[in-house]
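So the structure is just underneath, and the comments pick up after that.
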Amino acid sequence: MPGIFLTVSGQADGSLTRRLADQVARLTCTVLRKEPDRTLVTVDYLPHEQWFIAGQSLAELGKNSFRLEVTVTDETNTREEKAAFLAQAFELLSAIIGNVHSHSNVHIVDCRATTYGYGGITQDRHYHESARG
């Protein structure tokens, strides 16, 4: 159950939001081997004047930026999968958004299976129930 939380600099744009949500979810499910039907995505926008890097706003820098956070169940992905995802996500978002600051970032959060879930049930319980068939 990945939770995908993307913040992008600029003003909300419906078609861009749909494209970002679709592309990031597809990449996450492919590279990190997650189930599309258990994937959630939120996309938020923050004005360039409210996003600062090294004390300067993106408006001052004339750049765009993004912060991508993906929550996954701890120990379900290898170090190599995570590294591949970080590189591919940065490349994908840079291509879609354009003119991104190099400090735009991707963060994978490994959550213990007993500390998060959906439908009021932990990931640990979902796993054990699915294993029983």
Side-chain angles (χ1 to χ4, degrees):
M1 180 200 119
I4 302 169
F5 308 97
L6 176 61
T7 304
V8 180
S9 62
Q11 300 301 315
D13 175 315
S15 62
L16 177 60
T17 299
R18 170 55 87 175
R19 183 174 176 208
L20 290 166
D22 289 345
Q23 295 283 326
V24 171
R26 184 177 301 121
L27 180 70
T28 302
C29 291
T30 301
V31 177
L32 297 179
R33 300 177 291 105
K34 303 304 176 193
E35 297 176 37
D37 61 337
R38 292 175 36 169
T39 300
L40 73 89
V41 181
T42 65
V43 180
D44 293 310
Y45 291 85
L46 190 65
H48 289 89
E49 296 79 18
Q50 295 178 7
W51 192 313
F52 291 80
I53 298 174
Q56 291 186 291
S57 73
L58 291 176
E60 294 168 311
L61 295 168
K63 292 285 191 177
N64 295 313
S65 193
F66 63 84
R67 183 178 196 296
L68 175 63
E69 181 176 293
V70 178
T71 59
V72 298
T73 306
D74 191 27
E75 298 185 13
T76 59
N77 293 104
T78 66
R79 169 181 277 171
E80 293 77 18
E81 288 169 334
K82 292 175 194 178
F85 178 78
L86 265 66
Q88 291 177 42
F90 187 87
E91 182 179 323
L92 173 71
L93 291 168
S94 295
I96 293 173
I97 297 166
N99 191 33
V100 297
H101 193 284
S102 62
H103 193 63
S104 300
N105 62 81
V106 179
H107 186 181
I108 298 172
V109 181
D110 286 311
C111 300
R112 293 182 65 164
T114 57
T115 64
Y116 94 116
Y118 64 95
I121 300 172
T122 67
Q123 287 295 87
D124 184 61
R125 184 168 160 201
H126 280 293
Y127 172 77
H128 289 291
E129 287 180 359
S130 68
R132 280 187 249 152

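What you see below is based on every heavy atom in this structure, not just the backbone, and it leaves out hydrogens, waters and symmetry mates.
- In this structure, Gln50 contributes its side chain and Pro47 its backbone to no donor-acceptor pair below 3.5 Å.
- Taking the side chain as every heavy atom from C-beta outward, Lys63 and Ile53 never approach each other to under 4.5 Å.
- When Thr122, Asp74, Thr73 are each tested for a side-chain hydrogen bond (donor to acceptor under 3.5 Å, both in side chains) with Tyr116, only one passes: Thr73.
- The same ILVMFWY cluster, assembled from side-chain heavy atoms under 4.5 Å apart, contains both Val106 and Leu92.
- One hydrophobic cluster, built from ILVMFWY side chains closer than 4.5 Å, holds both Leu86 and Val70.
- Atoms CZ and OG1, from Arg26 and Thr28 in turn, are 11.0 Å apart once rounded to the nearest 0.5 Å.
- Note on Phe85 and Ile97: same hydrophobic cluster, where clusters join Ile, Leu, Val, Met, Phe, Trp and Tyr whose side-chain heavy atoms are under 4.5 Å apart, directly or indirectly.
- Phe66 CZ to Asn105 CG: the interatomic distance, rounded to the nearest 0.5 Å, is 7.5 Å.
- Environment of CD in Glu60: crowded, with over 12 heavy atoms of neighbouring residues, nucleotides or ligands closer than 6.0 Å.
- Among Leu20, Val100, Val8, the one residue that satisfies the side chain to side chain contact (heavy atoms under 4.5 Å, CB included) test with Leu93 is Leu20.
- The environment of Glu129 atom CD is dense: over 12 non-hydrogen atoms of other residues, nucleotides or ligands sit within 6.0 angstrom.
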Exercise. Would you please test Thr39 and Asp37 for side-chain hydrogen bond (donor to acceptor under 3.5 Å, both in side chains) and show each step?
Key: CA-CA 6 Å; Thr39 300; Asp37 61 337; over 6 Å; no
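- Side-chain heavy atoms closer than 4.5 Å link hydrophobic residues (I, L, V, M, F, W, Y) into clusters, and following such links, possibly through other members, connects Tyr45 to Val24.
- Distance check, rounded to the nearest 0.5 Å: CD of Gln88 to CG of Leu32 gives 9.5 Å.
- Between Tyr118 and His126, the ring planes are parallel. Angles under 30° get that label, and only those over 60° would be called perpendicular.
- Scanning both residues, Asn99 and Gly62, for their nearest heavy atoms gives ND2-O, 2.8 Å.
- Looking at Arg112 and Asp124, no side-chain N of the basic residue comes within less than 4.0 Å of a carboxylate O on the acidic one, giving no salt bridge.
- Of the inter-residue distances, the one linking Thr30 atom OG1 with Arg33 atom CZ reads 11.5 Å to the nearest 0.5 angstrom.
- Residues Leu40 and Ile4 form no side-chain contact, since every pair of their non-hydrogen atoms from C-beta on lies 4.5 Å or further apart.
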Quiz item: After noting the C-alpha distance and the side-chain angles of Ser57 and Trp51, does the key distance pass the side chain to side chain contact (heavy atoms under 4.5 Å, CB included) rule?
Solution: CA-CA 5 Å; Ser57 73; Trp51 192 313; over 6 Å; no
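- Formation of a donor-acceptor pair under 3.5 Å by the Ser65 side chain with backbone atoms of His101 is not found in this model.
- For Asn64 (side chain) and Ser9 (main-chain N/O), no donor-acceptor pair under 3.5 Å exists by modelled atom type.
- Looking at Lys34 and Thr76, their side chains come closer than 4.5 Å, going by heavy atoms from C-beta outward.
- Asp44 contributes no side-chain N or O that, together with a main-chain N or O of Leu6, makes up a donor-acceptor pair within less than 3.5 Å.
- Between Arg18 and Asp22 a salt bridge is recorded (basic side-chain N to carboxylate O distance below 4.0 Å).
- Counting only heavy atoms from C-beta outward, the side chains of His107 and Val109 approach each other to under 4.5 Å.
- Residues Leu27 and Val43 share a single hydrophobic cluster, defined by chaining ILVMFWY side chains whose heavy atoms lie under 4.5 Å apart.
- Salt bridge absent: Arg79 and Glu81 never bring a charged side-chain N and a carboxylate O closer than 4.0 Å.
- Taking CG from Leu58 and CG from Leu46, the interatomic distance works out to 8.5 Å, rounded to the nearest 0.5 Å.
- Atom-to-atom distance recorded for His103:NE2 and Arg67:CZ is 9.0 Å, nearest 0.5 angstrom.
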